[in-house]
Engineer: 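Questions regarding the structure given below will be posed in turn.
Both backbone and side-chain heavy atoms feed into the values below; hydrogens, waters and symmetry mates do not. Just so it is clear: chains get the letters A, B, ... in the order the sequence lines come, proteins before strands, and each one is counted from 1. Keep in mind the model is a prediction, meaning the values are calculated, not measured.
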There are 2 protein chains.
Amino acid sequence: MATPANPAGDGARATLAQVAARAGVSASTASLAFSGAGPVADETRERVLAAARELDYGGPDPRARSLRTGRSGIIAVVMEDRIRVAFRDPMVVTLLDGIADEIGTAGYSLLLLTDSLERAEGGLRDAPMDAALLLGCSTDLDPAVRVLSQRQVPLIGVEAEPRPGMHLVDIDNRDGMRAGAEHLHDLGHRRVAVITLPMDREHTRGPLTAEWAESSVAYTGLERLKGVRDVFPDAPAVVAAGSLIEEGLVAARALLDAHSDLTAIIGQSDLLALGAIQAAEERGLTVPDDLSVLGFDGARIDGLSRHRLTTVVQPSVEKGRAAARLALAALAGEQVESVAFTTELRLGDTTAPPRER
Amino acid sequence: MATPANPAGDGARATLAQVAARAGVSASTASLAFSGAGPVADETRERVLAAARELDYGGPDPRARSLRTGRSGIIAVVMEDRIRVAFRDPMVVTLLDGIADEIGTAGYSLLLLTDSLERAEGGLRDAPMDAALLLGCSTDLDPAVRVLSQRQVPLIGVEAEPRPGMHLVDIDNRDGMRAGAEHLHDLGHRRVAVITLPMDREHTRGPLTAEWAESSVAYTGLERLKGVRDVFPDAPAVVAAGSLIEEGLVAARALLDAHSDLTAIIGQSDLLALGAIQAAEERGLTVPDDLSVLGFDGARIDGLSRHRLTTVVQPSVEKGRAAARLALAALAGEQVESVAFTTELRLGDTTAPPRER
DNA sequence: ACCGCCAATCGAATCGATTCGACAGGCGAA
DNA sequence: TTCGCCTGTCGAATCGATTCGATTGGCGGT
């Protein structure tokens, strides 16, 4: 038992052929015994499994199997940020959870990739995968799309700008944000500002310029911005460098400095909104009496604030599941249709009528 | 350009052989032209690349390549929890970040696996991987270890109990925790309780029993517990169901109920400690005057608390990097030695001498 | 008694690359 | 001039499985 009898000496893993030989059957039969496809006599199967045990054979080599079958059992998730950054966003985490859950039960595993193509090797270009999910939450995925579609990998975009050959999972960013803005408008707010998600690949901070507002790289951020501007056409906006509390804080400070008469701030994500609340409190402003704050996402964030944020809730786990299901459907050769979810405004205690001045 | 000339009709991806044929060279030469290994005349390479472009060939198939070379370019990370749970722990995220960074620059990608072996297919058993990192933060990894070592995959354990054939990256959990406990002792504390990490696979909550304290599945939690008990041999302990703020809150409530004379609570992670702070505040206790709280990890947690937690800091990103480097070294056939990091006590404002009673 | 069918097994082709050894030709050194 | 070496290219073997079609033997139906 200590040293399994290995014809090739030890160190080398046994092959199916060796197992078959030892069991006195052909490789084809041994393969059937392992995979369960095709009829095999119980007694034969037992003999094969016994031989495998004796040789310490752990089952067919995934590499060979995947060459032959054309399937690797891997679904890739392509993100733009490095892990440390991306995973601080609860939306990304819940999305991934939904994805992992769904593909896991289907027998697939999850490969985590970033879309940097600079590296000569590794990554997008030559990782094995059966399908790819692109999390295009903010910036440019075009190069990744090009490489992967050349490799004929089915592509699912999550909140990404529509592209030929890519199926989509989306939410009604614009409508949802508009509903939120209307809520503020109904309360009487007129001087409202926005903190947006990053607008370019470099994640540059700063006031939103017309150039950015016309660019097309930041799909989600732009859609949500449109939603606000549908109600408040002139709302000033500051671009954050990421969906993070600190970024919301920095951006909100800038907004409060530049526009002393603001009565409400809209964060394009809950984390940004929480940063805005911090900025307000920092200056002695009470939320919601002195400043209303609205978020987007509906993230459940650990006792992070004494407030219940008023926010536009999106079904993030479901989004992940749906994306995974689209990928699985594409792999099964089924007709794939894009999916769109709807958001819902959840009232908390961070919005109220503006204080009379 | 729209429809690349594909001899096999479209839909089917071109193969290296087809590209070679079109370029008028042999498959071997075409391979060399792509991989850069071996001498190829510039003019020939150009011809090959041109042919590839014409056929819309995106480079060698990873599956075939990995069968031939025996390398898949994938390093797996095996966690015990589902993503949503695991990724709420900042330590896991930073660890992963370190890992991803290091293996990424080496041209490898990261496969995320959970250690559930229940599923018949997919996952540990047949995902392709060149090495595996086991995050054994708390519970039982034995079955996973068995499967993977049978597959001859180099194994690196991060804070896992030593096992034959597995290299380790560890920190001085016991010493570090002892240093923290000594700090409390020096301040004058005598009645100290602990909130521990999960102690079994099922993540059962409840007071720590002798049975648990002798079990061997929860390596990290037990080591840290020993560190405390080196100083406070009788310190009562409650087991949390996860490294989460809510869990710390629940556990601390139980501790405060059961031991009204406590002057300090030690959380085995920062999140647990933060939960303890919340529990204290909930009862009108002031931290650190009425209750000192000590954490472990040194997580940077977004403005989550008004306190700067006194905690035992571990180099979590470095731990990830080190684990990744061990894996890469093992793949390079180098001699691999286990690595141990040391922790450092960082004083914040959550510990103080106990209030006189 | 014969035919057809099904279960069980096997042989051989195949998936798409990499790589080793061989070979041809050109060049410099002795 | 000749020998050896280096460069560029090719053919063939190989990685380890899966799978298709063929083969064999046993069995029930008529």
Engineer: For residues B:Arg151 and A:Pro62, determine if any side-chain heavy atom of one lies less than 4.5 Å from a side-chain heavy atom of the other.
Structural biologist: yes

Engineer: Which whole-number value in Å describes the distance from B:Glu46 CD to D:dG8 C1'?
Structural biologist: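 Spelled out: CD on B:Glu46 to C1' on D:dG8 is 16 Å.
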
Engineer: Tell me which of A:Ala37 and B:Ala41 sits closer to the 5' end of DNA chain D, going by the nucleotide each one is nearest to.
Structural biologist: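 This one resolves to B:Ala41.
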
Engineer: Minimum heavy-atom separation for B:Leu168 to B:Ser338, with atom names?
Structural biologist: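 That would be N-OG, 3.0 Å.
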
Engineer: Measure from CZ on B:Arg71 to P on C:dT18 and round the result to the nearest Å.
Structural biologist: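 It is 15 Å, rounded to the nearest whole Å.
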
Engineer: Quickly work out the A:Asp42 CG to C:dA8 P distance and round it to whole Å.
Structural biologist: 8 Å

Engineer: Which pair of heavy atoms, one from B:Ala52 and one from B:Phe34, lies closest together, and at what distance?
Structural biologist: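 Smallest interatomic distance, heavy atoms only, reads CB-CZ, 3.7 Å.
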
Engineer: Listing request: all salt bridge (Lys or Arg N to Asp or Glu O under 4.0 Å) pairs with a residue in residues 25-42 of chain B, at least two apart in sequence or in separate chains.
Structural biologist: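 Residue pairs passing salt bridge (Lys or Arg N to Asp or Glu O under 4.0 Å), neighbours aside: B:Asp42-B:Arg45.
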
Engineer: Nearest whole Å is fine: how far is C:dT18 C1' from B:Phe34 CZ?
Structural biologist: 14 Å

Engineer: What residue among B:Ile103, B:Ile99, B:Val158, B:Leu134 forms side chain to side chain contact (heavy atoms under 4.5 Å, CB included) with B:Val77?
Structural biologist: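 Of the listed options, the one satisfying the test is B:Ile99.
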
Engineer: Generate the contact string for nucleotides 10-16 of chain C. Rules: B means base contact, S means sugar-phosphate contact only, - means no protein heavy atom under 4.0 Å.
Structural biologist: BBBBBBB

Engineer: Identify the two heavy atoms, one from A:Ala100 and one from A:Leu110, that lie closest to each other, and give their separation to 0.1 Å.
Structural biologist: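 Shortest heavy-atom contact: CB-CD1, 3.8 Å.
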
